[in-house]
Amino acid sequence: MDWKRGRTGWESFAETQGISRPVPGHQPEHGLTRYLDGDLNWRRCTLEEIVQAVSMEKQPQNSRRGLAPREVPPAVGLLLVMALMNTLLYLCLDRFFIAHRQSLVDPRHCPYGHFRIGLMKNCSPWLSCEELRTEVRQLKRVGEGAVKRVFLSEWKERKVALSRLTSLEMKDDFLHGLQMLKSLQGAHVVTLLGYCEDDNTILTEYHPLGSLSNLEEILNLSKYQNVNTWQHRLQLAMDYVSIIHYLHHSPVGTRVMCDSNDLPKTLSQYLLTSNFSIVANDLDALPLVNHSSGTLVKCGHRELHGDFVAPEQLWPYGENMPFRDDLMPSYDEKIDIWKIPDISSFLLGHVEGSDMVRFHLFDIHKACKSQTPSERPTAQDILDTYQKVLDTLRDTVMSQAREML
């Protein structure tokens, strides 16, 4: 808040603590005053500067009410100082992490058929069969699904993920996943490093945090406590919706994430990166929807059950009529929209402030659960709402912090 607008909560506190106002044109000497003087440069304030700011000894000055600083009860002053320090540190860390996160997720542009990972300075062509056979060293198995086994491997002293086909019966799905990886390379999809159709192998970037299903376990670790907040969790939900939007408007048409018949299966399709963003990893079941030609999809050939899948994915003819795949109606990409509230709720978790976020997202999530697919919002509509809620709630937190000061 501008000092010229009159007395503020901070001004009253500063007066009792003997901290003088900044002089116009004078460069503030510590991070706390820089923040309070309106320069919102959160990354410059440190714990040392905050402690110095609130503990700096000044000449005693009588306030307008005639109270000297020593007349403030020590316990009250200590509690107020601690509250201010916690608030400012929280906001500083939040701003720093978000800025750092955004700097890391900038797309690393390479021509089609090339990649760049980690600290690589130049783009490299996708590795060939010969290079995969001679330059990649397989270390240990780290995952397995119906289509692929995944091995932690090493290429030129870099950790990578090598996927091998589990069974020739699943080769069509394997090749479909490879084609999608090649076609959808970008910020929302795991980086492809090479492949060999003759050996049924695919090489991709390795993300040590693993699949999105590991989120709670990871955030419970002490080293990640600073990012276990509603802000960062809501950002993860935005990442997820951004991926769905990308798939629905991909360079190869409207694609539907069919490997998503329950929450654990859905989460296993995505990876959590080291800078806490999300990328799609398993693209073996991305059928095409084309509304112009009337092309719709069916996710598998068996009967589905439960509330997680969209209503149009359930057998519509009752229990008295046995399921027949040829009689099962097809559907479109709006089945992905139905599932977004459940996935977002998982990503938000139960940290302080997450219920507040859920309250603000209630209306858009209710629209996602419309029984009529055409009435559900688009992924872009949801993403816009998420961004608005993030901005609004963040501004509210900052406003409350200013009032405390």
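Heavy-atom basis, side chains included; hydrogens, waters and symmetry copies ignored. If you read the sequence from its start, that first residue is 1, and numbering goes on from there.
Judged by distance alone, the side chain of Lys298 and the main-chain N or O of Tyr331 form no donor-acceptor pair under 3.5 Å. At least one donor-acceptor pair closer than 3.5 Å links the side chain of His176 to the backbone N or O of Leu286. Side-chain atoms of Asp395 do not come within 3.5 Å of backbone N or O of Thr392 as any donor-acceptor pair. Side chain of Ser277 to backbone of Thr273: no donor-acceptor contact under 3.5 angstrom is found. Within the 3.5 Å criterion, the main-chain N or O of Lys334 finds a donor-acceptor partner in the side chain of Arg376. Checked by atom type and distance alone, the side chain of Gln138 never pairs as donor or acceptor with a backbone atom of Glu154 at under 3.5 Å. Judged by distance alone, with hydrogens and angles left aside, the side-chain atoms of His245 form no donor-acceptor pair with the main-chain N or O of Ala379 at under 3.5 Å. At least one donor-acceptor pair closer than 3.5 Å links the side chain of Thr166 to the backbone N or O of Ala146. Formation of a donor-acceptor pair under 3.5 Å by the Ser213 side chain with backbone atoms of Leu267 is not found in this model. With hydrogens and angles disregarded, a donor-acceptor distance shorter than 3.5 Å links the side chain of Asp262 to the backbone of Lys265.
Relative ring orientation between Phe323 and Trp315 is described as perpendicular, the plane-to-plane angle rising above 60° on a 0-90° scale split at 30° and 60°.
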Exercise. Between Asp282 and Lys148, is a side chain to side chain contact (heavy atoms under 4.5 Å, CB included) present by the stated rule, with each step listed?
Worked result: CA-CA 10 Å; Asp282 195 335; Lys148 302 185 294 288; 3.6 Å; yes
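Of the options Leu193, Thr204, Leu192, Leu203, a side chain to side chain contact (heavy atoms under 4.5 Å, CB included) to Phe115 is made by Leu193 and by none of the others. Test Thr254, Asp332, Asp336 against His248 for side chain to side chain donor-acceptor pair (under 3.5 Å) and you get one pass: Asp336. Applying side chain to side chain contact (heavy atoms under 4.5 Å, CB included) to Leu347 and the options Asp239, Leu215, Leu234 leaves one that passes, Leu215.
With respect to Asp355 and Arg358, a salt bridge is recorded, a charged nitrogen being found less than 4.0 Å from a carboxylate O. With respect to the salt-bridge test (charged N to carboxylate O, under 4.0 angstrom), the residues Glu216 and Arg233 qualify.
Aromatic rings from His365 and Tyr386 are positioned such that their centres are separated by under 6.0 Å.
Taken from CG in Leu288 to CD in Glu333, the straight-line distance is 10.0 Å, to the nearest 0.5 Å. Considering CZ of Arg158 and CG of Leu119, their distance stands at 7.5 Å, rounded to 0.5 Å.
Dense packing is recorded around NE2 of His291, with more than 12 heavy atoms of other residues, nucleotides or ligands lying under 6.0 Å away.
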